[in-house]
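Written out below as structure tokens is the structure these notes cover.
Quick note on labels: first sequence line is chain A, next is B, and so on, each numbered from 1.
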Amino acid sequence: MRYSKIFIPTLRENPAEAEAISHKLLIRAGYVRQLAAGLYIYLPLGLRVIEKINTVLKEEMNAIGAQEMSMPLLHPAEIWQQTGRWSEIGDEMFRLKDRGERDMCLAMTHEEIITWLAAHEIRSYRDLPQVWYQIQTKLRDEARPKSGILRTREFIMKDSYSFDRDEAGLERNYKLHSDAYHRIFSRCGIRFYRVESDPGMMGGATAHEFMAPSPAGEDKIAICAGCGYQANLELALSRPPYAEDRSWQKEEVSTPGKRTIKEVTSFMKTAPEYFIKSVLVIADKTPVLALIRGDQELHEHKLTRLIGAFRPASKDEVKNILGVEAGFIGPMGHDIKLIADSCLKEGTYITGANKPGYHIKGIRSGEDFKPEWADIHIARAEDRCVTCGESLKIESAIEIGNIFKLGTKYSSALDAVYLDEDGSSKPIIMGSYGIGPARIMASAVEQGSDKNGIVWPESITPFDIEVLPLNMKSTEAVELAENLHLELPKLGYEVLLDDRNERAGVKLKDADLIGIPWQVVIGDRTLKEKNLEIKNRRTGETKKISINTAAQAIDETIRSSRK
RNA sequence: CGGGGCGUAGCGCAGUUUGGUAGCGCGCACGGUUCGGGACCGUGAGGUCGGAGGUUCAAAUCCUCUCGCCCCGACCA
């Protein structure tokens with residue numbers, strides 16, 4: 001491909017609105033343009049990257065026996081009403097009416113549609129298992145699109161769905177997908193973790209996410225180097241470091257007007273980890289007192305999973321329910337549900353005395369109060385792994401893929417059943433598995449760029465080699481470049497020939513910016529000695545190569561770098 | 001949805017406080033000189049200052065409303 005024949009509108013300056021590295025570089029290097037919030041045009045280079053990624057996806061999905069198909073983007077409301085998600089999902093779903101005033105929606109995902117298909121077409125256990133997938137657009141009216149192509153309102157997803165007779169079959173397909181995902185992300189040159197995640201609204205029991213560490217990521221994950229425990233912070237367990245024991249006598253302390261942990265700790269000159277914070281919440285009209293160590297933060301999602309949706313109690317409710325005003329409440333002597341964070345099992349603590357203006361020292365769980373135990377704090381980097389005790393690492397990460405064991409949530413709702421060997425009708429057991437190609441693309445840029453521009457992994461680069469004749473007036477340079485443009489594709493390379501009549505500096509800067517992994521530089525300097533240069537974009541290493549056997553030598557250089 | 005910021009030429013920005021001829025750099029077009037890391041000189045094209053309404057002799061600038069984009073948070077199959 002000639003540079004003069006492919007539209008690559010590079011920019012000298014970073015776009016003003018971009019913050020994330022991938023956002024800046026993909027716009028600046030001419031890969032994408034923004035149409036509106038969360039809506040992006042993929043320019044020729046950008047599309048080539050996406051198609052490279054999709055090729056990897058298809059190869060690996062086909063390799064585990066998944067079958068590609070394609071489903072509509074416009075869905076009748078009916079099917080979504082049957083699973084209940086028409087009403088469960090709020091503004092995030094684009095809704096519209098057709099000319100007959102029928103409710104329709106745009107595809108935010110395809111569980112409903114694929115299950116509809118299974119319900120209509122699968123009859124017998126002999127039809128199972130099936131794994132179906134597509135690479136198809138999803139539309140979600142995101143509350144806040146952000147970071148360029150990382151969170152958009154319209155995006156492509158590879159989504160696959162497994163259908164099995166039993167749990168063992170689901171387990172098999174789940175594992176097959178997990179392994180395929182490892183191969184996909186490795187092949188795409190991404191650094192990633194596979195973490196435990198919250199199945200959330202998808203329903204089902206088990207879920208994992210594939211996470212590419214990057215400061216631009218919206219998620220936080222906890223990683224244990226000791227035992228390999230890896231989990232999304234939305235559910236990550238941890239053991240906060242335990243401060244040395246203190247054998248206080250039980251003693252009331254006057255703390256007039258000191259209500260918050262901050263006020264009391266500075267008043268009593270005692271660190272916050274020696275305190276118990278009591279947080280009264282109202283769940284479904286029932287009050288629950290959540291207990292957290294003073295230096296920890298309540299993890300609202302974790303608590304929600306235990307007691308359902310809740311809201312903080314008002315000051316009046318605290319007074320009415322506990323008989324003490326906020327700021328001086330403690331867990332002792334109340335007749336309501338207590339949930340305490342596991343790290344409070346050991347040790348003695350200071351907490352509110354249930355008496356205005358007083359706190360109390362020497363409170364011990366099990367003796368002074370008897371709660372239900374659960375991990376309800378937010379894991380932090382200084383915490384320890386609950387399994388092996390090693391310290392945890394907390395990283396920001398981009399969610400590039402996820403796998404869910406759905407079970408029968410959708411098959412039951414849509415009556416997707418099969419007849420088993422014994423003649424009984426059973427719901428099909430399902431799994432659902434997603435990958436966002438644009439997020440792979442953005443992650444590759446986030447993880448692989450330098451100050452000069454993008455550095456593509458060889459597997460997803462829009463071109464393998466960029467040939468740069470620096471002086472277009474030199475017939476020798478141009479002829480050599482043209483020849484390589486002809487010969488290198490015969491060796492299996494996709495070549496971009498910068499045939500523009502630009503100065504050397506412009507060509508070299510643009511080459512670094514767009515990030516093709518190998519640059520073949522043909523300039524008068526080396527041409528005098530019958531050489532050209534090959535440069536590795538990532539390492540910056542250059543090597544002189546004789547022009548006589550250039551194509552073969554380039555091939556050898558690239559091959560040997562892969563070993 | 002809550003909080004904050006920003007909309008002036010294709011891109012990046014100044015001008016708004018204190019109302020009075022709409023500017024700079026890059027890019028673009030033409031001519032010339034240059035030619036291995038975003039060249040230089042000259043000439044030129046290009047803007048209803050996001051939109052609507054208002055105040056005023058006069059509005060990019062002041063007031064009201066509105067639309068859009070970005071960031072933080074909430075939310076996020």
Hey, does the side-chain of A:N14 have a donor or acceptor N/O within less than 3.5 Å of a partner on the base of B:rG12?
->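 In this structure, the two groups form no donor-acceptor pair.
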Check for a donor-acceptor pair, side chain of [X] on one end and backbone N or O of [Y] on the other, with a separation under 3.5 Å.
{"X": "A:D499", "Y": "A:S4", "answer": "yes"}
{"X": "A:H177", "Y": "A:N173", "answer": "yes"}
{"X": "A:Q230", "Y": "A:R194", "answer": "yes"}
{"X": "A:H299", "Y": "A:L233", "answer": "yes"}

Please give the nucleotide sitting opposite [N] as a Watson-Crick or G-U wobble pair, both distances under 3.5 Å, or none.
{"N": "B:rA74", "answer": "none"}
{"N": "B:rU18", "answer": "none"}
{"N": "B:rG53", "answer": "B:rC63"}
{"N": "B:rU48", "answer": "none"}
{"N": "B:rA29", "answer": "B:rU43"}
{"N": "B:rC24", "answer": "B:rG12"}
{"N": "B:rG37", "answer": "none"}

Quick one: is A:R12 getting a side-chain N or O under 4.0 Å of the B:rG12 phosphate, OP1 or OP2?
->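 Checking B:rG12 against A:R12, no side-chain N or O comes under 4.0 Å of OP1 or OP2.
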Within the 4.0 Å heavy-atom criterion, would you say [X] contacts the bases, only the backbone, or no part of the nucleic acid?
{"X": "A:S474", "result": "nothing"}
{"X": "A:D91", "result": "nothing"}
{"X": "A:N402", "result": "base"}
{"X": "A:M93", "result": "nothing"}
{"X": "A:E13", "result": "base"}
{"X": "A:A143", "result": "base"}
{"X": "A:E533", "result": "base"}

Side chain to side chain donor-acceptor pair (under 3.5 Å) partner of A:D103, the single match among A:Q81, A:K97, A:R95 | A:K97
Given side chains that start at C-beta, do those of A:D512 and A:L508 come closer than 4.5 Å, heavy atoms only?
-> no
If the [atom1] atom of [N] is compared with that of [M], how far apart are they to the nearest Å?
{"N": "B:rC67", "M": "B:rC26", "atom1": "C1'", "value": "30 Å"}
{"N": "B:rG27", "M": "B:rG46", "atom1": "C1'", "value": "12 Å"}
{"N": "B:rG19", "M": "B:rC1", "atom1": "C1'", "value": "38 Å"}
{"N": "B:rC57", "M": "B:rC40", "atom1": "C1'", "value": "48 Å"}
{"N": "B:rC49", "M": "B:rC24", "atom1": "C1'", "value": "15 Å"}
{"N": "B:rA9", "M": "B:rG5", "atom1": "C1'", "value": "23 Å"}
{"N": "B:rU16", "M": "B:rC6", "atom1": "C1'", "value": "14 Å"}
{"N": "B:rG4", "M": "B:rG44", "atom1": "P", "value": "47 Å"}

Mind calculating the distance between [atom1] ([X]) and [atom2] ([N]) to the nearest angstrom?
{"X": "A:N452", "N": "B:rG38", "atom1": "CG", "atom2": "P", "value": "11 Å"}
{"X": "A:E502", "N": "B:rA39", "atom1": "CD", "atom2": "C1'", "value": "11 Å"}
{"X": "A:R144", "N": "B:rC75", "atom1": "CZ", "atom2": "P", "value": "13 Å"}
{"X": "A:L513", "N": "B:rC26", "atom1": "CG", "atom2": "P", "value": "19 Å"}
{"X": "A:K507", "N": "B:rC35", "atom1": "NZ", "atom2": "C1'", "value": "11 Å"}
{"X": "A:R311", "N": "B:rC75", "atom1": "CZ", "atom2": "C1'", "value": "20 Å"}
{"X": "A:D524", "N": "B:rC35", "atom1": "CG", "atom2": "C1'", "value": "9 Å"}
{"X": "A:E19", "N": "B:rC6", "atom1": "CD", "atom2": "P", "value": "14 Å"}

Angle class for the A:H75/A:W80 ring planes (parallel below 30°, perpendicular above 60°, tilted otherwise)?
->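 Parallel.
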Pairs touching residues 433-447 of chain A that satisfy side chain to side chain donor-acceptor pair (under 3.5 Å), sequence neighbours left out =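 Passing the test, one end in residues 433-447 of chain A: A:S22-A:E446, A:S162-A:Y433.
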Stretch residues 21-37 of chain A: residues that reach within less than 4.0 Å of RNA chain B through a heavy atom |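 Heavy-atom cutoff 4.0 Å gives A:R28, A:Q34, A:A36, A:A37.
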Between A:K146 and A:R153, just flag the one whose closest nucleotide in RNA chain B comes earlier from the 5' side.
-> A:R153
Taking for each residue the nucleotide of RNA chain B with the nearest heavy atom, is it A:E17 or A:D219 whose nucleotide lies nearer the 5' end?
->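 With A:E17 and A:D219 compared, the 5'-side residue is A:E17.
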Identify the two heavy atoms, one from [X] and one from [Y], that lie closest to each other, and give their separation to 0.1 Å.
{"X": "A:I149", "Y": "A:T152", "result": "CA-CG2, 3.8 Å"}
{"X": "A:I378", "Y": "A:Q296", "result": "O-OE1, 3.9 Å"}
{"X": "A:V195", "Y": "A:M211", "result": "CG2-CG, 3.9 Å"}

Which atoms of nucleotides 30-34 of chain B (N or O only) lie under 3.5 Å from a protein N or O atom, and what are those distances?
from: B:rU34; atom 1: O2; to: A:R503; atom 2: NH1; distance (Å): 2.6

Is the closest basic N to carboxylate O distance between A:D450 and A:R538 below 4.0 Å?
-> no
